[in-house]
Amino acid sequence: MKGNLKLDASLAYKYLSEDELAKAREDAKEGLKTLLNKTGEGNDFLGWVDYPVTYDKEELSRIKKAASTITMNSDVLVVIGIGGSYLGAQATIDALTPYFEQKGLEVIFAGNSVSSTYLSQLRDYLWDKDFSLNVVSKSGTTTEPAIAFRVLFELLKKKYMKEELKEHVFLTTDRAKGALHEIGVKNDFEMFVVPDDMGGRYSVLSAVGLLPIACAGFDVDKMIKGAKDAMEDAKEENSEALEYAALRNALLRKEFNIEILESYEPSLSFLIEWWKQLYGESEGKGNKGIFPAGCIFTRDLHSMGQYIQEGRRNLFETVLDIRNPKTDLDVPFDKENLDGLNYLVGKNVNDVNSVALLATMKAHDEGGVPGIKLSIDEIDEYNLGYLFYFFEIACGISGYTLGVNPFNQPGVEAYKKNMFEMLGKPGYTKK
């Protein structure tokens with residue numbers, strides 16, 4: 001095994017018989033075979049499977065060069081996109097950026113809502129700053145990012161001469177077609193590719209995620225290396241990815257149909273959001289699937305903890321454990337000890353956090369909640385690249401095991417159709 005990710009399912013196995021587990025493992029192996037042989041539904045969207053070794057080296061070089069240009073020209077980069085067009089990038093940047101430290105380029109995300117308050121206040125914030133845009137959209141016509149681009153592009157045109165705009169607008173879009181591609185050609189903007197054979201939620205390791213991540217100053221080569229190792233590990237007999245996919249489906253067959261991904265590190269909040277989209281869009285169809293939810297502990301133990309402990313017994317938890325925090329500090333001695341914490345003197349804060357994780361899993365197990373623990377050494381570029389690929393390939397395996405196409409999302413169009421009808425978009429007739 002090349003990576004350091006470890007899966008501990010001792011608190012899940014007890015809910016499954018040997019036969020149930022064996023059947024789920026065999027099904028998962030068939031799912032992996034279908035994925036690697038590209039014989040299942042959605043097989044025209046499997047470009048991500050081998051991408052850690054087949055990626056465009058020349059484009060990666062251009063990504064690094066564009067990141068250098070953006071950091072020289074701008075105080076702020078605004079990444080405009082929704083869903084898979086931004087979640088992976090924000091997950092990575094949030095995870096790697098120190099909580100209260102802003103060095104170099106500030107990266108802001110927009111176009112993932114239609115909040116007039118957010119967009120107008122962002123425009124005001126950018127007014128006296130040098131900024132660049134990275135617009136991420138395969139078509140360029142998705143409503144939320146298209147509105148944000150129109151508003152912020154107008155501001156750019158007020159701030160910079162026409163010949164300067166090329167140094168401040170970078171597009172990640174379809175290779176050859178679509179409205180955004182047409183805008184790029186017309187204005188001679190630099191463009192990067194959203195691969196034709198890769199859905200948005202599987203695209204974080206392409207230019208979709210790597211350009212913003214590189215702009216934020218992080219090592220994208222290490223991310224690709226982590227993903228490559230995860231790809232190789234997933235193909236091994238009885239890999240962690242296979243076991244995770246098998247466990248999810250085995251638990252679902254026992255009516256555990258909600259999975260809560262939990263972390264004890266707040267910087268991973270958006271990694272959980274990325275994971276929710278990955279599994280929700282991939283598996284939630286045909287009235288099937290596990291509902292993906294997320295929590296940050298110990299914070300959410302004071303809001304969701306009661307339900308997890310004693311609510312309906314249809315959920316299981318997957319805990320993402322970070323063995324080595326970036327920094328740590330000791331619990332100080334206080335002579336008066338009014339808060340009663342002197343019993344912790346000699347321990348550090350991460351000791352308390354680690355014990356909280358173990359104590360919570362023990363309590364939830366006693367309450368009838370199956371538990372899976374995924375552990376990595378630390379939060380860095382390599383481990384995030386590994387995690388992204390690990391969750392992606394496990395999702396593909398799990399989706400095929402479930403009996404759905406993990407690479408389409410037909411239900412996403414329903415709200416758009418209604419919205420277009422209500423807003424009077426040409427070609428859409430009100431019911």
Check whether the side chains of E381 and Y386 place a donor and an acceptor atom closer than 3.5 Å, and report yes or no.
no
D130 vs N73, side chain to side chain contact (heavy atoms under 4.5 Å, CB included): CA-CA, chis, key distance, verdict
CA-CA 7 Å; D130 284 315; N73 288 347; over 6 Å; no
Side chain of T173, backbone of K138: donor and acceptor closer than 3.5 Å?
yes
CZ (R175) with more than 12 external heavy atoms under 6.0 Å
no
salt_bridge(K2, D233) N-O dist < 4.0 Å:
no
Steps toward side chain to side chain contact (heavy atoms under 4.5 Å, CB included) verdict (L77, F170):
CA-CA 10 Å; L77 170 67; F170 299 82; 5.8 Å; no
Decide, yes or no, whether a salt bridge links D56 with R62 under the criterion of side-chain N to carboxylate O below 4.0 Å.
no
Any side-chain heavy-atom pair of K235 and L36 under 4.5 Å:
yes
Is it the case that the side chain of D8 and the backbone of S10 share a donor-acceptor pair, with hydrogens and angles ignored and the cut-off at 3.5 Å?
yes
Please step through salt bridge (charged side-chain N to carboxylate O under 4.0 Å, His left out) for the pair E232 and K228, ending with a clear verdict.
CA-CA 6 Å; E232 294 177 5; K228 180 176 180 290; 2.8 Å; yes
Any chance you could measure E262, atom CD, to T298, atom OG1, to the nearest 0.5 Å?
12.0 Å
Charged N-O contact under 4.0 Å between D75 and K129:
no
If we ignore hydrogens and angles and just use 3.5 Å, is the side chain of N353 paired with the main-chain N or O of Y264 as donor and acceptor?
yes
Looking only at heavy atoms, the pair that brings Y400 and E41 closest together is OH-O, 2.5 Å
For ring-ring contact (aromatic ring centres under 6.0 Å, His included), just list the numbers for H168 and Y160, CA-CA rounded to whole Å, side-chain angles, deciding distance to a tenth of an Å, and then say yes or no.
CA-CA 9 Å; H168 290 272; Y160 301 107; 4.0 Å; yes
Are the side chain of Y118 and the backbone N or O of S113 linked by a donor-acceptor pair below 3.5 Å?
no
One pair to check against side chain to side chain contact (heavy atoms under 4.5 Å, CB included): M231 and V53. What are the steps and the verdict?
CA-CA 9 Å; M231 178 188 75; V53 294; 3.7 Å; yes
Under the side-chain hydrogen bond (donor to acceptor under 3.5 Å, both in side chains) rule, what do D229 and Y382 come out as? Steps first, then yes or no, please.
CA-CA 9 Å; D229 286 353; Y382 174 85; 2.7 Å; yes
Under 6.0 Å between the ring centres of Y244 and F390?
yes
Electrostatic pair D221-K225, nearest N-O below 4.0 angstrom
no
CZ of F109 to CD of Q90, rounded to nearest 0.5 Å, is 4.5 Å
Distance col, row S354:OG vs R323:CZ, nearest 0.5 angstrom, shows 11.5 Å
Closest approach of M198 and S206, non-hydrogen atoms and distance?
SD-CB, 4.1 Å
Give the intermediate values and the outcome of side-chain hydrogen bond (donor to acceptor under 3.5 Å, both in side chains) for residues E310 and Q306.
CA-CA 6 Å; E310 296 183 348; Q306 174 62 41; 2.9 Å; yes
Between N342 and K335, does any side-chain donor sit less than 3.5 Å from a side-chain acceptor?
no
Would you say K158 has more than 12 foreign heavy atoms packed within less than 6.0 Å of its NZ?
no
Under 3.5 Å, is there a donor-acceptor pair between the side chain of K159 and the main chain of W127?
yes
Looking at E240 and K6, is any side-chain nitrogen of the basic one under 4.0 Å from a carboxylate oxygen of the acidic one?
no
Tell me, do L271 and L320 make a side-chain contact under 4.5 Å, heavy atoms counted?
yes
Measure from NZ or CZ of K57 to the centre of the six-membered ring of Y55 and say whether it is under 6.0 Å with the direction within 45° of the ring axis.
yes
When rounded to the nearest 0.5 Å, the distance separating CG of L7 from CG of L247 is 6.5 Å
Distance check, rounded to the nearest 0.5 Å: D365 atom CG versus Y15 atom OH?
4.5 Å
Are E366 and K362 within salt-bridge range, i.e. N to O under 4.0 Å?
yes
Main-chain N/O of K347 paired with D351 side-chain donor or acceptor, under 3.5 Å:
no
Apply salt bridge (charged side-chain N to carboxylate O under 4.0 Å, His left out) to residues R248 and E259 and explain how you reach the verdict.
CA-CA 8 Å; R248 298 180 76 255; E259 179 179 12; 2.7 Å; yes
Kindly check if the number of other-residue, nucleotide or ligand heavy atoms within 6.0 Å of OH (Y415) is above 12?
yes
Residues N348 and D330: side-chain donor-acceptor under 3.5 angstrom:
no
Are W274 and F270 close enough that their ring centers fall under 6.0 Å?
no
Is the F256 to F316 ring centre distance short of 6.0 Å?
no
Cationic N near anionic O, under 4.0 Å, E378 to K326
no
Quick one: do the S398 and E283 side chains pair a donor with an acceptor below 3.5 Å?
yes
With no hydrogens and no angle check, do the side chains of D174 and S139 hold a donor and an acceptor under 3.5 Å apart?
no
Could you check D334 against N337 for side-chain hydrogen bond (donor to acceptor under 3.5 Å, both in side chains), going step by step and ending with a plain yes or no?
CA-CA 5 Å; D334 184 283; N337 195 33; over 6 Å; no
Any side-chain donor paired with an acceptor under 3.5 Å for S282 and Y202?
yes
Looking only at the side chains, is there a donor atom on one of D328 and N350 sitting less than 3.5 Å from an acceptor on the other?
no
Starting from the C-alpha separation in whole Å, work towards a yes-or-no answer on side-chain hydrogen bond (donor to acceptor under 3.5 Å, both in side chains) for N408 and K285.
CA-CA 9 Å; N408 67 356; K285 54 201 72 166; 2.8 Å; yes
Have a look at V79 and tell me which of V136, I108, V135, I93 forms a side chain to side chain contact (heavy atoms under 4.5 Å, CB included) with it.
V136
How close do I82 and G111 get, heavy atom to heavy atom, and via which atoms?
CB-O, 3.6 Å
Just by modelled atom types, is the G311 backbone N or O under 3.5 Å from a matching donor or acceptor in the R313 side chain?
yes
For the residue pair K157 and F153, would you count it as a cation-pi contact if the rule is NZ or CZ under 6.0 angstrom from the ring centre and within 45 degrees of the ring axis?
yes
Does E273 reach the main-chain N or O of A91 with its side chain, forming a donor-acceptor pair under 3.5 Å?
no
Should we say atom NZ of K65 is surrounded by more than 12 heavy atoms from elsewhere, each under 6.0 Å from it?
no
I'd like to know if the side chain of T97 reaches the main chain of D94, judged simply by a donor and an acceptor atom lying under 3.5 Å from each other, with no hydrogens or angles considered.
no
Between atom NZ of K38 and atom CZ of F45, what is the distance when rounded to the nearest 0.5 Å?
13.0 Å
